[in-house]
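A quick write-up on the structure given underneath.
Since the model is a prediction, treat every value here as computed from it, not as a measurement. Proteins get letters first, then strands, A, B, ... in listed order; numbering begins at 1 in each.
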There are 2 protein chains.
Amino acid sequence: MYSSELIKGTLKTIVLKLLSENQEMYGYEITQKVKDLTAGKIQITEGALYPSLHALENEGLLSTQTMNIGKRVRKYYSLTKKGKSVAQEKISELTDFMNTMRFLLDLKPSAQ
Amino acid sequence: MYSSELIKGTLKTIVLKLLSENQEMYGYEITQKVKDLTAGKIQITEGALYPSLHALENEGLLSTQTMNIGKRVRKYYSLTKKGKSVAQEKISELTDFMNTMRFLLDLKPSAQ
DNA sequence: TTGACTTACCTAAGTTTCTTATGTATCATT
DNA sequence: AATGATACATAAGAAACTTAGGTAAGTCAA
């Protein structure tokens, strides 16, 4: 597990990325998918995810569809048109940021 | 400029990395160095940096040395022994995290 | 010489975003 | 029948910033 500060700020982008590859997903599925894909190194808590999903919906980036599975309810999220475009922006911003950070971290000692 | 959420959580590691390459630096110098190295894409504000430097000092990772430049005072920070070891840990954790994030962001659509 | 900008330190209130804790309920397995 | 997984949700508190402000010295052009 990474220390939690690192993950801060990347959650919404991760969600948007997953939804841009999967058409529709429900909350719990997202937590499991991220856990699987990262071999448990990134674990999204429900306390962080659900409020974040609601915020993305309020911003008009996600739409929801409720499905009944037996007697339980599942809430599927998918990207709106606006969500698709914002997703691409956020993904390239984060990719760019990762490259910048990698550059910083790879610096060699300066001559002094 | 990257949206500020992204930078959250990476500040201390950036500081530790710069100090592990430069022996000693003062606060303002750190802000300028990061700005230069990232072509202005990452700009550390003083409101974020100074409290962070104080925290690192309180944790025993940094030591300070005050220098008089004319009538002004400059506060140089350098890594303690503990700071050097923590710096290496934080740097490799962040590098690892970047690789994991890159993997997530590079995922192709799953077959459905 | 004064006004604007840069250098250089600092703190504090407010915001955002998460963690931690809790609640509810269904379903599967032992 | 109990445990663990599935699946949703909220709310109080913590952490790490942003924004805004304060102080003061040095530099440079008009």
Side-chain angles (χ1 to χ4, degrees), chain A residues 1-16 18 24-36 40-59 61-62 64-77 90 94 97 101, chain B residues 1-16 18 24-36 40 42-59 61-62 64-77 90 93-94 97 101:
Chain A
M1 264 295 273
Y2 300 117
S3 63
S4 61
E5 319 94 72
L6 290 186
I7 299 164
K8 287 194 186 179
T10 62
L11 176 56
K12 284 190 178 179
T13 305
I14 291 175
V15 168
L16 292 173
L18 287 179
E24 58 174 18
M25 298 181 84
Y26 54 99
Y28 186 78
E29 186 185 11
I30 293 176
T31 65
Q32 298 307 303
K33 190 80 175 177
V34 171
K35 193 176 165 188
D36 287 353
K41 289 190 207 169
I42 297 180
Q43 292 186 32
I44 296 177
T45 61
E46 296 177 288
L49 180 64
Y50 289 118
S52 191
L53 286 171
H54 301 161
L56 288 168
E57 190 181 6
N58 288 335
E59 292 165 33
L61 306 186
L62 300 184
T64 58
Q65 199 185 343
T66 298
M67 304 251 291
N68 294 306
I69 309 292
K71 286 179 186 173
R72 281 195 295 193
V73 168
R74 229 183 236 173
K75 208 164 155 188
Y76 279 91
Y77 288 86
K90 290 260 196 189
L94 185 49
F97 176 70
M101 281 304 302
Chain B
M1 263 296 274
Y2 301 117
S3 63
S4 61
E5 317 95 74
L6 291 186
I7 300 165
K8 287 191 188 181
T10 62
L11 177 55
K12 283 190 180 179
T13 306
I14 291 175
V15 168
L16 292 174
L18 287 179
E24 60 174 16
M25 297 182 86
Y26 54 99
Y28 187 78
E29 184 184 11
I30 292 175
T31 66
Q32 299 307 303
K33 190 80 175 177
V34 171
K35 193 177 166 187
D36 287 352
I42 298 181
Q43 292 185 31
I44 297 177
T45 61
E46 295 178 289
L49 180 64
Y50 289 116
S52 191
L53 286 172
H54 301 160
L56 288 169
E57 190 181 5
N58 287 335
E59 291 165 34
L61 306 185
L62 301 185
T64 57
Q65 197 185 345
T66 298
M67 302 251 291
N68 293 308
I69 309 293
K71 287 179 186 172
R72 282 196 295 193
V73 169
R74 226 182 238 173
K75 208 164 154 186
Y76 279 91
Y77 288 87
K90 291 261 193 186
E93 187 194 15
L94 185 49
F97 176 70
M101 281 303 304

ask   = Any idea which of D/dA25, D/dA9, D/dT6 is nearest the B/Arg72 side chain?
value = D/dA25
Round to a whole Å and report the spacing from [atom1] of [X] to [atom2] of [N].
X	N	atom1	atom2	value
A/Asn58	D/dA9	CG	P	12 Å
A/Tyr76	D/dC8	OH	C1'	14 Å
A/Glu29	D/dA5	CD	P	18 Å
A/Met67	D/dC8	CE	P	11 Å
A/Leu56	C/dC18	CG	C1'	15 Å
B/Asn68	D/dA24	CG	C1'	14 Å
A/Ile69	C/dA28	CD1	C1'	16 Å
A/Tyr28	C/dT26	OH	C1'	13 Å

What are the atom names and distances for every N/O pair under 3.5 Å that joins the protein to nucleotides 17-20 of chain D?
{"unit_1": "D/dC17", "atom_1": "OP1", "unit_2": "B/Gly9", "atom_2": "N", "d": "2.8"}
{"unit_1": "D/dT18", "atom_1": "OP2", "unit_2": "B/Thr45", "atom_2": "OG1", "d": "3.0"}

Considering non-hydrogen atoms only, spot the tightest contact between [X] and [Y] and give its length.
X	Y	value
B/Leu62	B/Glu57	O-CG, 3.5 Å
B/Met1	B/Gly40	SD-O, 3.8 Å
A/Leu6	B/Gly9	CD2-O, 3.6 Å
A/Glu46	A/Pro51	O-CD, 3.8 Å
B/Ile7	A/Phe97	CG1-CE1, 3.9 Å
A/Leu49	A/Gly27	CD2-O, 3.2 Å

Between [X] and [N], is there a contact of a side-chain N or O with OP1 or OP2 at under 4.0 Å?
X	N	answer
B/Tyr50	C/dT11	no
B/Tyr26	C/dA8	yes
A/His54	D/dC8	no

task = Check the pair B/Met101, A/Ile42 against side-chain contact (heavy atoms from CB on, under 4.5 Å), reporting the backbone distance first and the verdict last.
result = CA-CA 9 Å; B/Met101 281 303 304; A/Ile42 297 180; 4.1 Å; yes
inquiry  = Using the rule given for side-chain contact (heavy atoms from CB on, under 4.5 Å), can you reason through A/Leu53 versus A/Tyr77, listing the C-alpha separation, both sets of side-chain angles and the distance that settles it, and then say yes or no?
reply    = CA-CA 8 Å; A/Leu53 286 171; A/Tyr77 288 86; 3.7 Å; yes
note = Each base of DNA chain D marked ( ) or [ ] if paired in-strand (Watson-Crick or G-U under 3.5 Å), | if paired to another strand and . if unpaired gives ||||||||||||||||||||||||||||||
Side-chain donor-acceptor contact under 3.5 Å, B/Gln43 with B/Thr31 = no
note = DNA chain C nearest-nucleotide lookup for B/Gln32 and B/Glu5: closer to the 5′ end is B/Gln32
task = Look at all strands and tell whether A/Arg74 reaches a base, only sugar-phosphate, or nothing, counting heavy atoms closer than 4.0 Å.
result = sugar-phosphate
